[in-house]
Trainee: 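Let me begin by handing over the structure; questions about it come next.
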Amino acid sequence: MDFAFNETHLMIRETARKFAEEVLAPSADERDEKEEFPREAVRQMGELGFMGMMVSEQYGGAGLDTISYVTAMEEISKVDASAGVIMSVNNSLVCWGIESYGSEEQRQKYLKDLASGKKLGAFALSEPEAGSDATNQRTTAVRDGADYILNGTKNWITNGLSSDVVLVMAATDRTKGPKGVSAFILEKGMPGFTVGKKERKLGIRSSDTVSLMFQDVRVPVANRIGEEGSGIKFALKTLDGGRIGIAAQALGIAQACLEASIAYSKERKAFDQPIGHLQAIQFKIADMATNIAAARWLTLDAAVRKDKNERYGQVAAMAKLYASKVAVQSALEAIQIHGGYGYVREYKVERFLRDAKITEIYEGTSEIQRIVIARGLLG
Ligand code: CAA
């Protein structure tokens, strides 16, 4: 891979790191404990350009590349993976989806507020019976003059409670299977659009995850993204990029585990020496660092390919598959290195494990990533 960070990437890394340490770090544990959404931090992330990093400047975004996005995502997620996923969904699923596939009117109407953090977006594909089997959409959208009428339920929607704008996939013609699904832009406040219960989660507890209900929600035809029937391709293509963001989130969590483990290994003494002098600990740290370096290169490779307009879906799946595994392994090892202290809340590594696990599940489980990779190889 032909790659080197430029001045802008390095500046973004510094800005994101400083913001994460100064603004997110002091309250991350408390927000995790209280399951509290980081509203003020998200507003500030919008001011810094982190909520619409790849959105063109003409639509109010930062006009940056995917490498910049991945770099900022890693730094934010290293400190607070909940803030990481809030940022990721808004950037790579909602903003990217609207800019790449929306009409000019939709871009003008929605992107400025989403990119600046004034409004927040969510992406509603999953349903009670359509998780990995995403094409099996039960939510329906029936054309009625200049509107569609939506009915159905969406599950596991990240940002679903705090969002203002939601991209919703719905079946416009169930007889056509995946070719009968369309994508729509819904706004909170549309009559019949309600938010269900907030899920109580293992990790990323300060991001909100809810179900969404649609009962005869009238959505103008002007809010359909692309042609009728293009919704599944839209969703899967958008998820290809989303997976790069989640790989970067996983990378951030893994890096946090490594840094915490190094610091603890220098501070904690056993057998009259810092535990970092023991090979049992050194080998864990060496493996962790090697795996993280490999995950970072895969993630950057996917980002570089996306920026060069090359095919990136398969490498994005590899990056997410590998980085999420490294995040979970690193968190387990970090807890082991910390011993009893790792199992309690004081040293944060137990939060890193809880946060890491979801990266193997959302935006396509690890099993789905393997399917995407294998199909790319075998046809
Ligand atoms: N880009 C564009 N189009 C694509 C595509 C892609 N990456 N992958 C598939 N397609 C097209 C196919 O070509 C096909 O169209 P044609 O029939 O015209 O060729 C159509 O989409 C349907 O694809 P498949 O026939 O391959 O569908 P499938 O049911 O066999 O399998 C799958 C597809 C890969 C398993 C897919 O369903 C999948 O990725 N599932 C996981 C869904 C997922 O990631 N969900 C995450 C929810 S969102 C989330 O988590 C966000 C959050 O809140 C954090």
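Heavy-atom basis, side chains included; hydrogens, waters and symmetry copies ignored. Predicted, not measured: the structure shown is a model, and the values here were computed from it. As the structure lists them, so they are numbered: ligands from 1, and atoms in each ligand from 1.
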Trainee: Which atoms from ligand 1 have a heavy atom of S126 less than 4.0 Å away?
Mentor: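 Per the distance check, 47 (C).
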Trainee: Between L239 and ligand 1, which part of the residue brings a heavy atom under 4.0 Å of the ligand: side chain, backbone, both or neither?
Mentor: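 Within the 4.0 Å criterion, L239 contacts ligand 1 through side-chain atoms alone.
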Trainee: Establish whether atom 12 (C) of ligand 1 and some protein heavy atom are separated by less than 4.0 angstrom.
Mentor: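 So atom 12 (C) of ligand 1 lacks protein heavy-atom neighbours under 4.0 Å.
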Trainee: Could you say whether the N/O atoms of K233 and ligand 1 ever approach to under 3.5 Å?
Mentor: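 There is such a contact, yes.
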Trainee: Right, does atom 43 (C) of ligand 1 have protein non-hydrogen atoms nearer than 4.0 Å?
Mentor: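 True for atom 43 (C) of ligand 1.
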Trainee: Report yes if G364 has an N/O atom closer than 3.5 Å to an N/O atom of ligand 1; otherwise report no.
Mentor: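 It does: an N or O of G364 is found under 3.5 Å from an N or O of ligand 1.
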Trainee: Check each atom of ligand 1 against the heavy atoms of L93 and keep those under 4.0 Å away; list them by number with element.
Mentor: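 Going through ligand 1 atom by atom, the ones under 4.0 Å from L93 are 51 (C).
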Trainee: Is the shortest side-chain N to carboxylate O distance from R345 to D29 below 4.0 Å?
Mentor: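 Salt bridge absent between R345 and D29.
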Trainee: What pairs of donor and acceptor atoms, side-chain ones from residues 285-292 against any protein atom, are under 3.5 angstrom apart with sequence neighbours left out?
Mentor:
unit_1: T290; atom_1: OG1; unit_2: A286; atom_2: O; d: 2.7
unit_1: N291; atom_1: OD1; unit_2: Y322; atom_2: OH; d: 3.4
unit_1: N291; atom_1: ND2; unit_2: D287; atom_2: O; d: 3.2

Trainee: Would atom 50 (O) of ligand 1 count as contacted, meaning some protein heavy atom under 4.0 Å?
Mentor: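 Answer yes: something from the protein, a heavy atom, is under 4.0 Å.
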Trainee: For atom 31 (O) of ligand 1, what's the nearest protein heavy atom and its distance?
Mentor: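 For this ligand atom, the closest protein heavy atom is R375 NH1, 3.5 Å.
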Trainee: What class does the angle between the rings of Y341 and Y264 fall in, given that below 30° is parallel, 30 to 60° is tilted and above 60° is perpendicular?
Mentor: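 Plane angle between 30° and 60°, so tilted.
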Trainee: Using a 3.5 Å cut-off on N or O atoms only, is R243 in polar contact with ligand 1?
Mentor: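 Among all N and O atoms of R243, at least one is under 3.5 Å from an N or O of ligand 1.
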Trainee: Ion pair present between E21 and K18, side-chain N to carboxylate O less than 4.0 angstrom?
Mentor: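 Salt bridge: no.
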Trainee: Looking at Y148, I'd like to know if the NZ or CZ of R218 sits under 6.0 Å from its six-membered ring centre while staying within 45 degrees of the ring's axis.
Mentor: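 Not flagged: R218 not positioned over aromatic ring of Y148.
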Trainee: Answer yes or no: does an N/O atom from D240 fall short of 3.5 Å to an N/O atom of ligand 1?
Mentor: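 Looking only at distances, the answer is yes, because the N/O contact criterion of under 3.5 Å is met.
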Trainee: Number the atoms of ligand 1 from 1 as they appear, then name those within less than 4.0 Å of a heavy atom of G131, with their elements.
Mentor: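 Counting atoms of ligand 1 from 1, those under 4.0 Å from G131 are 42 (C).
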Trainee: Among all protein heavy atoms, pick the one closest to atom 27 (O) of ligand 1 and tell me residue, atom and distance.
Mentor: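 Here the nearest protein heavy atom works out to T135 CG2, 3.9 Å.
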Trainee: On the ring face of Y312, is K237 found with NZ or CZ under 6.0 Å from the centre and within 45° of the axis?
Mentor: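 Because its charged atom sits under 6.0 Å from the ring centre and within 45° of the axis, K237 does stack over Y312.
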Trainee: Taking I157 as the starting point, is it possible to reach L202 by hopping between hydrophobic residues whose side chains are less than 4.5 Å apart?
Mentor: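 L202 does not cluster with I157.
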Trainee: Among Ile, Leu, Val, Met, Phe, Trp and Tyr joined by side-chain contacts under 4.5 Å, find the other residues sharing a cluster with I149 and list them by chain and number.
Mentor: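 So far as hydrophobic clustering goes, I149 is joined with none.
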Trainee: Could you tell me whether D32 and R354 have a side-chain N and a carboxylate O separated by less than 4.0 Å?
Mentor: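 R354 and D32: salt-bridged.
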Trainee: Heavy-atom distances under 4.0 Å decide this one: backbone, side chain, both or neither, for I368 against ligand 1?
Mentor: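 Under 4.0 Å from ligand 1, I368 contributes side-chain atoms alone.
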